[in-house]
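For ligands, and for the atoms within them, numbers begin at 1 and follow the listed sequence.
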Amino acid sequence: MLFRQAIVLGGSVAGLVAARVLSDHAEQVLIIERDDLAALAAEPLSAAAARPGVPQGTQVHALLPSGLNQLERFFPGFIAEALAAGAIDPPPGTNRFYMDGELREDAPSGPAAQALISSRPFLEALIRRRVLGRANIRTVKGRAEGLLFDGEAVAGVRCEGADEPADFVVDATGRSSRLGDWLEAHDFPKPPMQRMGIKLNYATALFRRPADAAVWTCISIANPGPGKVARIAGFTPIEGDRWTMLVSGYNEDRPSRDPAEYRRRCVEDFPPEFGAVATTAEQVGEVITYHQADSRRRDFHRLRRFPARLVAAGDAVASFNPVYGQGMTSAMLHASALSEYLRGNPDLSRPATSYFRDVKVVVDAAWQISTMADLALPHVDGPYPKGYRAIQWASGLIFQASMRDQQVNQRVGQVTTMLAHPSALAEPRFLMRALAIGAGLSGAAAG
Ligand SMILES: Cc1cc2nc3c(=O)[nH]c(=O)nc-3n(C[C@H](O)[C@H](O)[C@H](O)COP(=O)(O)OP(=O)(O)OC[C@H]3O[C@@H](n4cnc5c(N)ncnc54)[C@H](O)[C@@H]3O)c2cc1C
């Protein structure tokens with residue numbers, strides 16, 4: 001045991017998984033959360049619904065295979081339990097994938113054999129149940145307002161006017177984290193923030209899913225290009241015999257809450273499966289919209305001075321364009337980095353530099369995948385990484401090759417599902433092969 005009491009700020013996915021890790025190293029773990037987690041934990045799973053602290057819970061949430069691996073690692077038996085409770089692993093042959101309007105028979109399903117699909121509140125409720133079921137984790141409802149210090153180390157948290165002592169603190173308060181302000185108030189520098197304006201617009205609706213549906217999951221990606229509008233849509237099966245269906249647009253292309261307009265988009269802007277669900281399945285509840293202005297990352301690793309006994313995790317470190325489904329998986333990989341740090345006999349009188357170094361690897365990987373794709377959108381104007389044109393050219397060819405070649409498809413799938421680092425695509429033998437296949441295809445298309 002390294003700590004008497006460790007405190008986690010924020011009890012969403014990042015905070016819950018961080019609390020699970022800390023429970024191996026602290027006599028007591030306290031989660032401070034604005035919403036009442038204890039009351040939510042007492043509700044049946046069938047009542048799981050989006051809560052005020054996580055408004056994005058209304059929207060489609062995909063869990064990548066790498067995140068699923070981490071969940072099973074931290075909570076053995078999680079997959080079986082989730083499936084028994086109503087999460088879905090769609091039967092073979094019920095998935096469809098469209099790229100620029102073309103149905104791909106060899107859908108780049110990635111290497112994962114096991115899928116776990118549910119609504120976001122359902123998944124969070126399952127994780128919450130496992131976390132709060134641990135004897136040394138408790139939760140209190142309240143708003144964290146700042147940190148307490150003992151010299152260069154954090155010594156506690158201020159919550160709704162009261163002080164709570166802590167030997168270690170994790171900030172998991174999400175993308176609007178105020179940690180930087182709290183640090184500045186105590187003369188520590190703020191972590192530098194990078195933003196990429198993406199202006200993403202989501203609209204999601206739920207539908208009843210008939211038991212005999214031929215298609216359970218469908219994803220459609222329309223890439224930007226001359227005369228083409230970038231749009232992504234998807235529907236996935238969720239607990240309670242329902243589908244959750246997303247249509248999205250960028251910038252001024254903004255789906256509204258109007259159900260007729262939503263149906264029109266499904267019918268006119270996307271492959272026929274979307275129109276079929278929207279016009280034949282019974283809609284449950286309202287269309288709910290969500291706007292995300294930017295992707296952002298806070299570069300803690302660049303700070304020269306930072307308090308000891310303090311880390312940040314999840315969206316409080318980096319939050320990406322959600323269409324790539326990286327957020328929850330990143331949070332779980334941050335928890336893995338925290339576990340590594342705490343198991344490594346850390347010098348707790350010094351900042352958790354090795355933790356932030358590991359987190360940077362995860363953030364860089366997700367950032368590279370999501371921002372490289374977003375820079376192709378006409379309204380996104382940077383910041384551009386070094387060597388942007390060359391990387392863009394190579395990734396275009398690799399992606400084309402992945403649509404036709406299983407070996408390339410496998411590797412791309414591992415990277416986009418965060419099972420492998422993007423540097424796996426730059427491995428010389430793989431790169432030469434993928435570029436040759438991609439160039440052959442684009443040459444054939446041009447001819
Ligand atoms: C539209 C949309 C779609 C998404 N789709 C996906 C997807 O498909 N796949 C995926 O993996 N990710 C997706 N994400 C990202 C995902 O929602 C987050 O990455 C994930 O929730 C982990 O975030 P977090 O726990 O760090 O923060 P959040 O989930 O934002 O939670 C922050 C928590 O901190 C609490 N809090 C905040 N301030 C305080 C305070 N001062 N005191 C106490 N508590 C506080 C909040 O109440 C909340 O519970 C999506 C995001 C959006 C916006």
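With hydrogens and angles disregarded, no donor-acceptor distance shorter than 3.5 Å links the side chain of Arg297 to the backbone of Pro192. Using a distance-only test at 3.5 Å, with no hydrogens or angles considered, a donor-acceptor pair links the side chain of Arg305 to the main chain of Asp187. The main-chain N or O of Ala278 is never found under 3.5 Å from a side-chain atom of Arg263 such that the two would form a donor-acceptor pair.
If you look at Gln56 next to ligand 1, the close heavy atoms, those under 4.0 Å, all belong to the side chain. Neither the backbone nor the side chain of Glu145 comes within 4.0 Å of ligand 1, counting heavy atoms alone. Here Val54 has side-chain heavy atoms under 4.0 Å from ligand 1, and that is the only part of it that gets that close. No part of Ser330 comes within 4.0 Å of ligand 1, judged by heavy-atom distances. Neither the backbone nor the side chain of Arg178 has any atom closer than 4.0 Å to an atom of ligand 1 (non-hydrogen atoms only). At a heavy-atom cutoff of 4.0 Å, ligand 1 is contacted by no atom of Leu64, backbone or side chain.
Near Pro322, the atoms of ligand 1 lying under 4.0 angstrom from a non-hydrogen atom of the residue are 2 (C), 3 (C), 4 (C), 5 (N), 50 (C), 51 (C), 52 (C). Numbered from 1 in the order shown, with element, the atoms of ligand 1 that lie under 4.0 Å from a heavy atom of Ile32 read 43 (C), 44 (N). Within the listing of ligand 1, atoms 1 (C) sit less than 4.0 angstrom from a heavy atom of Gln59. Close contacts between ligand 1 and Tyr202 involve ligand atoms 1 (C), 3 (C) [criterion: under 4.0 Å to a heavy atom]. Listed by atom number, the atoms of ligand 1 under 4.0 Å from Ser12 heavy atoms are 21 (O), 25 (O), 28 (P), 29 (O), 31 (O), 32 (C), 33 (C), 49 (O). Interface of Tyr290 with ligand 1, defined as ligand atoms under 4.0 Å from a residue heavy atom, comprises 1 (C), 53 (C). Of all atoms in ligand 1, numbered sequentially from 1 with element shown, those under 4.0 Å from a heavy atom of Gln292 are 53 (C). Distances below 4.0 Å separate heavy atoms of Ala14 from the following atoms of ligand 1: 24 (P), 25 (O), 26 (O).
Using a 30° and 60° split on the angle between ring planes, His186 and Phe149 fall in the tilted class, from 30° to 60°. Using cut-offs of 30° and 60° on the angle between ring planes, the pair Phe274 and Phe235 is perpendicular.
Just one residue in the list Asp171, Asp163, Val169 forms a side-chain contact (heavy atoms from CB on, under 4.5 Å) with Val157, and that residue is Val169.
Taking the charged nitrogens against the carboxylate oxygens, Asp24 and Arg343 do have a contact shorter than 4.0 Å, which makes a salt bridge. A salt bridge links Asp181 with Lys190: the distance from a Lys NZ or Arg NE/NH1/NH2 to an Asp or Glu carboxylate oxygen falls below 4.0 Å. Here Arg128 does not pair with Glu33 in a salt bridge; the nearest charged N to carboxylate O distance is not below 4.0 Å.
For atom 9 (N) of ligand 1, the nearest protein heavy atom (residue, atom name, distance) is Ala62 O, 2.8 Å. Considering only non-hydrogen protein atoms, atom 22 (C) of ligand 1 sits nearest to Asp315 OD1, 3.8 Å.
Of all the listed residues (Arg175, His291, His61), His61 holds the heavy atom that lies closest to atom 50 (C) of ligand 1. Distances from atom 37 (C) of ligand 1 to the heavy atoms of Thr204, Leu63, Thr173 put Thr173 nearest.
Checked by atom type, the side-chain pair Gln283/Tyr262 shows no donor-acceptor distance below 3.5 Å. With no hydrogens or angles considered, a side-chain donor-acceptor pair links Arg73 and Gln70 at under 3.5 Å.
Taking distance alone, with nitrogen or oxygen atoms compared against 3.5 Å, Arg143 stays at or beyond that limit from ligand 1. The distance criterion of under 3.5 Å between nitrogen or oxygen atoms is met by Arg120 with respect to ligand 1.
In this structure, Gly142 is part of the shell of residues with a heavy atom less than 4.0 angstrom from ligand 1.
Side-chain atoms of His334 and Val21, non-hydrogen and from C-beta on, never get closer than 4.5 Å to each other. Within the 4.5 Å cutoff, side-chain heavy atoms of Ile238 are placed close to those of Leu206.
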